*Asks:* 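Pasting a structure here, questions to come.
Atom set for the values below is all heavy atoms of this structure, side chains included, hydrogens, waters and symmetry mates excluded. Naming: A, B, ... by sequence-line order, numbering from 1 per chain. Computed from a prediction, not measured in an experiment: that's the story for all the values here.
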There are 2 protein chains.
Amino acid sequence: MTETGDAVEHWLRGRVPERGLKPKAAAVLEVLLSQPRRACFGSAADLAELAGVNVATVTRTAQALGFAGWPALQQELRARYLSSLSASDVAEHHEVSGSPALASLHRDLDGIGALARRVAEVDVAGLATAIASAGRTLVVAKGSYAAVGAALTHNARLAGYPVELASDDADLANALARLGEGDVLLAISFWRLYQSTVLATEQAHARGARVFVLTDVADPALVRTAEQVLLVPAEGVAFFPSLTPGLALAQAVVAQLAAVDPARTRAHIEAAEAQWLRLGLLHRQPRRP
Amino acid sequence: MTETGDAVEHWLRGRVPERGLKPKAAAVLEVLLSQPRRACFGSAADLAELAGVNVATVTRTAQALGFAGWPALQQELRARYLSSLSASDVAEHHEVSGSPALASLHRDLDGIGALARRVAEVDVAGLATAIASAGRTLVVAKGSYAAVGAALTHNARLAGYPVELASDDADLANALARLGEGDVLLAISFWRLYQSTVLATEQAHARGARVFVLTDVADPALVRTAEQVLLVPAEGVAFFPSLTPGLALAQAVVAQLAAVDPARTRAHIEAAEAQWLRLGLLHRQPRRP
DNA sequence: ACAAATTCGCAATGACCATTGCATTTTCGC
DNA sequence: GCGAAAATGCAATGGTCATTGCGAATTTGT
């Protein structure tokens, strides 16, 4: 019996090469699965001692599992293990109370929590795959929720994918004229539904593009031409809807997109960051992990 | 659940010596509390960068708090943070599917959860009050995180406050020329720090405006002129930082702003919505609560 | 049984880490 | 304003880390 959840174990065992692992490497794997906290925080030497192997074997086992080395494996384990611990901590329903600011944050936690619980039904991977294989992707997002479109577009472009944002009607008209078979249109709409967004989905569909919708309300006019609708809660407090769950989902889409071809994503980001350094606009640019 | 967050903060603040901590050491403490995940895993150098201090100050702060050094403090933080996560999760070890999208959502839940637990310490009301009483408010937000600035600006304007966004240098130069006593500058900065954002805070301060900062990293150049710094975790998954906690806090600021004078806010929103109806651009406009 | 291939341990190596002495800067008290 | 004390930055230093080349041990195939 191991201490990790089935999913983490399933994932890790799925990375074992076809030829299998020899006894010492298998012992390392066993320690990772049976002592997840040590795996998350311990040094390679620490784990080696637990497994009764030399530290080099820990590195080599990580490499056999498809990682660059121990730190890369540990980071992934850490992310998965902590994610499994924390999700239900904050995903529970909150009573909206206290200061308006706290109420707002709690409402957002509820919204994202609900999204996380339903994410298996929301086919994020389907949208990410569509963007990855599209000739070009047009993101339509207007008004205040252009922010969500901008965030998604920015990161997707950074990852090297041909994604553009249309947040006003002139941009939209020009971009639609270039859309066709093999392209993707992603319509982002919360709260108010712009007539021009509806028309854009119809036009894109008529031109042979695939239509996806990210919205809080599946208005029939908006979803009529969509092959997929990603529903997101957008309830805020006081007078305003909240864009936070929408943004969280947009980022989740890009996280999934980045995982389609990680090497490509990394290469594009590094190239972009080299340009940033050359332009000298920044006071500070942190290193990426 | 909320109690566990307060408990870690209460415990840590209880270790502050009677003579208190000076600004740099206090910044370290603030980072430990506002970014618990980084505190658990990061090196002393990493935390120093977030706090805008030298690495030696991290060690000395740990010693001032009664620990032998940074590793001892980190181990205790780690134990308490993990304990706070698992205490409310005793029976239900959450299963993680392993999808990048779900990991992204869980990371955002972590970030906003950490923010919600500390919201009493983050003086959101102070910033909201400053905006409410300012002659004008300039929000400086560039690159991908202009999205956060745009969302805050949009809603604040809807509520009838004179808030404008500067997301490029021309806008920024023009807007700064009009800033003076009684005005507010809010600098929003995540990940990369633009030199022009730093210069904007200095200029605004020199012209007599009040400076506020919303950021993940307390870079000394950015916070030097600020009367208040709102720290937000911005850790994402894969290759990208996450804007979700920043957006959630921006919305929380506006929720607090709306509560300063609810009748005024409602009147302005209704007037704006009447205009929307007159312009006839929408396919659908839901009624507000 | 032998040779080749693979696995694994040892140890050198370079990178990164935390700590601390010294110098500089800032703060405090008079 | 000045001097002393405290805070903080810089950089040297020793320690630990992960990785990898080489050789030893083990396994595999003929």
*Asks:* Restricting to non-hydrogen atoms, name the atom on B:Ser242 and the atom on B:Glu235 that form the minimum distance, rounded to 0.1 Å.
*Replies:* CB-O, 3.7 Å
*Asks:* Taking the six-membered ring of A:Tyr161 (Phe, Tyr or Trp), confirm whether the NZ or CZ of A:Arg264 is under 6.0 Å from its centre and within 45° of its axis.
*Replies:* yes
*Asks:* Just wondering, do B:Val28 and B:Lys24 contact through their side chains at under 4.5 Å, heavy atoms?
*Replies:* no
*Asks:* Round to the nearest Å and state the distance from A:Gln74 atom CD to D:dT19 atom P.
*Replies:* 10 Å
*Asks:* I'd like to check B:Arg224 versus B:Glu202 (side-chain heavy atoms, cut-off strictly below 4.5 Å). Are they in contact?
*Replies:* yes
*Asks:* Checking all strands, does A:Ala44 fall into the base, sugar-phosphate, or nothing category for heavy-atom contacts under 4.0 angstrom?
*Replies:* sugar-phosphate
*Asks:* Considering only heavy atoms, which members of residues 58-66 of chain A lie under 4.0 Å from some atom of DNA chain C?
*Replies:* A:Arg60
*Asks:* Search all heavy atoms of B:Leu115 against all heavy atoms of B:Leu249 and return the closest pair with its distance.
*Replies:* CD2-CB, 4.0 Å
*Asks:* Please state how far atom CZ in B:Arg224 lies from atom C1' in C:dT26, giving the value in whole angstrom units.
*Replies:* 15 Å
*Asks:* Take A:Val53 and B:Asp46, find for each the nucleotide of DNA chain C with the closest heavy atom, and name the residue whose nucleotide sits nearer the 5' end.
*Replies:* A:Val53
*Asks:* I want to check one thing: is the phosphate of D:dA7, taken as OP1 and OP2, less than 4.0 Å away from some side-chain N or O of B:Thr57?
*Replies:* no
*Asks:* Look only at the side chain of A:Arg15 and the backbone of A:Leu65, and say whether a donor-acceptor pair between them is shorter than 3.5 Å.
*Replies:* yes
*Asks:* Using the 3.5 Å cut-off, write out each protein N or O paired with an N or O of nucleotides 25-30 of chain D and the distance between them.
*Replies:*
none

*Asks:* Side-chain N or O of B:Asn54 less than 4.0 angstrom from OP1 or OP2 on D:dT8?
*Replies:* no
*Asks:* C:dT25, OP1 or OP2 - any side-chain N/O from B:Lys24 closer than 4.0 Å?
*Replies:* no
*Asks:* Starting at CZ of A:Arg19 and ending at C1' of C:dT7, how long is that distance when rounded to a whole Å?
*Replies:* 10 Å
*Asks:* Could you check how far CD of B:Glu49 sits from P of D:dG9, rounded to whole Å?
*Replies:* 14 Å
*Asks:* Between A:Leu29 (CG) and C:dC8 (P), how many Å, whole number?
*Replies:* 13 Å
*Asks:* Would B:Glu49 and B:Arg38 pass as an ion pair if we require N to O under 4.0 Å?
*Replies:* no
*Asks:* Tell me: CG of A:Leu73 to P of D:dT19, nearest whole Å?
*Replies:* 10 Å
*Asks:* B:Leu21 CG to D:dA7 C1': how many Å, rounded?
*Replies:* 11 Å
*Asks:* Could you tell me whether a side-chain N or O of A:Gln63 sits under 3.5 Å from a main-chain N or O of A:Gly69, the two making a donor and an acceptor?
*Replies:* no
*Asks:* Under the salt bridge (charged side-chain N to carboxylate O under 4.0 Å, His left out) definition, can you give me all pairs with a residue in residues 50-59 of chain A, not counting sequence neighbours?
*Replies:* none
